[in-house]
Colleague: 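For reference, the structure I am asking about is given below.
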Protein chains: 2
Amino acid sequence: MEQTPSCRVETALEILTGKWKPSILLELITHDTLRFSELKRHLPNITQKMLTAQLRELELNDIVHREIYQVVPPRVEYSLTDYGKTLIPVLHAINAWGEKHVDHLAQKEMLQETTASSASDSF
Amino acid sequence: MEQTPSCRVETALEILTGKWKPSILLELITHDTLRFSELKRHLPNITQKMLTAQLRELELNDIVHREIYQVVPPRVEYSLTDYGKTLIPVLHAINAWGEKHVDHLAQKEMLQETTASSASDSF
DNA sequence: TGGTATAGTATCCTAAACGATACCACGAAG
DNA sequence: CTTCGTGGTATCGTTTAGGATACTATACCA
């Protein structure tokens, strides 16, 4: 990384950021293939507009595949592309650090409480 | 990751996202310690307000350390905390994927151009 | 004839991120 | 007595992300 600008990090983060993208990716990782309505059911608070928008961005970046069945009512299935699956280890790394971070914050809070209580002890 | 919700990914991404945070982290990784004004010189397009804001957020999350020297004119030095350094391998992973992604996009474009030219050949 | 389900669009609005610019305190140097 | 450099704040405006809501096409089913 030393000789490359940070823009590769930013390139990757552009694909991952977006309020719903990690959740969508997780769903597709664990369920393999999901219809639009199934995704929506798994993500109770997302609006249709956002789900469409985030899926379109992921599709543009070749992360997810969109399979349309010409039936009525419509049936559209989403899944990770092979290329999209190369993101999985990266997501694991990010997730693992996130877990460590939650622990770290908890430790910091404990320290503060200890300090606070010991401070109140001395008063 | 299968049993944990994607929120740990989101937790981690919250710390990394922000228009300037990857660049700031890269500077601190490669230069170890930098004054406020040095950081600003390395990041020509950042405003003072944004640099301050992003550094404060990183400091709150215990990623960077802020050392104030009580002199005039002021001297403030920023560096990664030991904990902040645990982000380095994660950043490397993200960066490596970002590099692959740039290649991937280039290949897709080449394919499209080939398709386009072969299509124009057949006309 | 009218209701239902699916996978969307279209329109409008709010909130948050980001940016431009001006201002400040302080002591040292001239 | 003024100017300079540093590391900031404060204020305002713009731009972008996200959200709420309403609307659509279509075939099937009753």
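Note on naming: letters A, B, ... go to the chains in the order of the sequence lines (proteins, then strands), and numbering restarts at 1 for each one.
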Colleague: Output the rounded distance in Å from CD1 (A:Ile68) to P (C:dA7).
Modeller: 11 Å
Colleague: Measure OH/A:Tyr69 against P/C:dG8 and give the value in whole Å, please.
Modeller: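 To the nearest whole Å, that distance equals 13 Å.
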Colleague: Mind listing the closest non-hydrogen atom pair of B:Tyr83 and B:Asn61 along with its distance?
Modeller: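 Nearest pair, atom of B:Tyr83 first, then B:Asn61: CE2-O, 4.0 Å.
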Colleague: Can you tell me the distance, in whole Å, between the CG atom of A:Leu34 and the P atom of C:dT6?
Modeller: 14 Å
Colleague: What's in the same ILVMFWY side-chain cluster as A:Val71, cut-off under 4.5 Å, chained through other members?
Modeller: A:Tyr69
Colleague: Ignoring hydrogens, what is the shortest heavy-atom contact between A:Leu25 and A:Leu16? Give both atom names and the distance.
Modeller: CD1-CD1, 4.0 Å
Colleague: Could you state the CD-P distance from A:Gln70 to D:dA27, rounded to the nearest angstrom?
Modeller: 11 Å
Colleague: Name all pairs fulfilling the salt bridge (charged side-chain N to carboxylate O under 4.0 Å, His left out) condition that reach into residues 23-46 of chain B, sequence neighbours left out, sorted by first residue then second.
Modeller: none
Colleague: Checking A:Lys21 now: which residues fulfil side-chain hydrogen bond (donor to acceptor under 3.5 Å, both in side chains) with it, not counting sequence neighbours?
Modeller: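 Once residues adjacent in sequence are excluded, the partners of A:Lys21 under the side-chain hydrogen bond (donor to acceptor under 3.5 Å, both in side chains) criterion are A:Glu57.
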Colleague: Can you name the side-chain hydrogen bond (donor to acceptor under 3.5 Å, both in side chains) partners of B:Gln54, sequence neighbours left out?
Modeller: none
Colleague: Quiz question: by atom type and distance under 3.5 Å, do the side chains of A:His65 and A:Glu67 form a donor-acceptor pair?
Modeller: yes
Colleague: Quick one, give me the B/S/- string for nucleotides 5-23 of chain D, reading 5' to 3', where B means a protein heavy atom under 4.0 Å from the base and S means that only happens at the primed atoms, P, OP1 or OP2.
Modeller: BBBBS-B------BBB---
Colleague: Do B:Glu10 and A:Ser23 get their side chains close enough for a donor-acceptor pair, meaning under 3.5 Å?
Modeller: yes
Colleague: Report for the helix from C:dT1-D:dA30 to C:dG30-D:dC1: angle between first-end and last-end helix axes, five pairs each, rounded to 10 degrees.
Modeller: 30°
